[in-house]
Amino acid sequence: QVQLVESGGGSVQAGGSLRLSCAASGYTHSTYYSVYCMGWFRQAPGKEREGVAIIESGWRTTYADSVKGRFTISKDNGKNTLYLQMNSLKPEDIAMYYCAASKPIISGRCDVDYAGYWLPYWGQGTQVTVSS
């Protein structure tokens, strides 16, 4: 049974930074290492969920155009944890942020525009608020 738990959200001033974490349980060390696709998604009030950042098992990363140069996705296989470093935050970044991941080894279209449609494991979300 795989569970993902996000943390690190909060309220910051515009231009500030936050680091989100997504702790996974249910994967063994080896199976987490082999997870093909995982990433961060967000949903703002009144808007549809969108992909923010994706990282593949080979450490390839992709980002939404709106966050390129500001956000960085990374993972620590030893800790079974996914991270999202968010810098230069803007009010438009206000949203609930979710992490999601694929089953071990299973591959698919792994990009910010499509991965959210098939990744089977999701966390409950962590809120990010930015004041101007």
Kindly give the heavy-atom pair with the smallest separation between S74 and I55, and that separation in Å.
-> CA-CD1, 4.2 Å

Residues A115 and C37: closest non-hydrogen pair is CB-SG, 4.1 Å

Rounded to the nearest 0.5 angstrom, the CD-OG1 distance for Q13 and T129 is 11.5 Å

Can you name the side-chain contact (heavy atoms from CB on, under 4.5 Å) partners of K68, sequence neighbours left out?
-> Y63, D65

Under 3.5 Å, is there a donor-acceptor pair between the side chain of E6 and the main chain of C99?
-> yes

Joint cluster assignment, I73 & V67, ILVMFWY side-chain distance < 4.5 Å = yes

So Y27 and Y121, would you call those rings parallel, tilted or perpendicular, with 30° and 60° as cut-offs?
-> perpendicular

Residues L20 and G9: closest non-hydrogen pair is CD2-N, 3.6 Å

Does T81 reach the main-chain N or O of K79 with its side chain, forming a donor-acceptor pair under 3.5 Å?
-> yes

Within a reach of under 6.0 Å around CD of Q124, are more than 12 heavy atoms found that belong to other residues, nucleotides or ligands?
-> no

Verdict with supporting geometry, W122 and F41, ring pair (Phe, Tyr, Trp, His ring centres under 6.0 Å) | CA-CA 10 Å; W122 291 81; F41 303 80; 4.9 Å; yes

From R60 atom CZ to C110 atom SG, the distance as rounded to the nearest 0.5 Å | 8.5 Å

Check: L18 and L89 side chains under 4.5 Å, non-hydrogen atoms | yes

Donor-acceptor pair between R109 and Y114 side chains, under 3.5 angstrom | no

State, yes or no, whether a side-chain contact exists between M86 and V128 at a heavy-atom distance under 4.5 Å.
-> yes

Using the rule that two of Ile, Leu, Val, Met, Phe, Trp, Tyr join whenever any of their side-chain heavy atoms come within less than 4.5 Å, decide whether L4 and V52 are in one cluster.
-> yes

What distance separates I54 CD1 from M38 CE, expressed to the nearest 0.5 Å?
-> 10.0 Å

F71, V12: one ILVMFWY side-chain cluster at the under-4.5 Å cut-off?
-> yes

Between K47 and R42, is any pair of side-chain heavy atoms under 4.5 Å apart?
-> no

What is the minimum heavy-atom distance between L84 and A53, and which atoms define it?
-> CD1-CB, 4.1 Å

Would you give the length of the straight line joining atom CZ of R70 to atom CD of Q85, rounded to the nearest 0.5 angstrom?
-> 12.0 Å

Closest non-hydrogen atom pair, G39 against L82 = O-CD2, 3.8 Å

Rounded to the nearest 0.5 Å, how far does OG of S25 lie from CD of Q3?
-> 4.5 Å

Any chain of hydrophobic side-chain contacts (each under 4.5 Å) joining V5 to L119?
-> no

Work out which heavy atom in N87 is nearest to a heavy atom in S17; give both atom names and the distance.
-> OD1-OG, 2.9 Å

Taking R49 for the side chain and Q43 for the main chain, is one N or O donor matched with an acceptor at less than 3.5 Å?
-> no

Main-chain N/O of A95 paired with Q127 side-chain donor or acceptor, under 3.5 Å | yes

Atom OH in Y98, atom CH2 in W40: separation rounded to 0.5 Å?
-> 12.0 Å

R19 to Y83 six-membered ring, cation-pi geometry met (6.0 Å, 45°) | yes

Is there a side-chain contact between P120 and K103 (heavy atoms, below 4.5 Å)?
-> yes

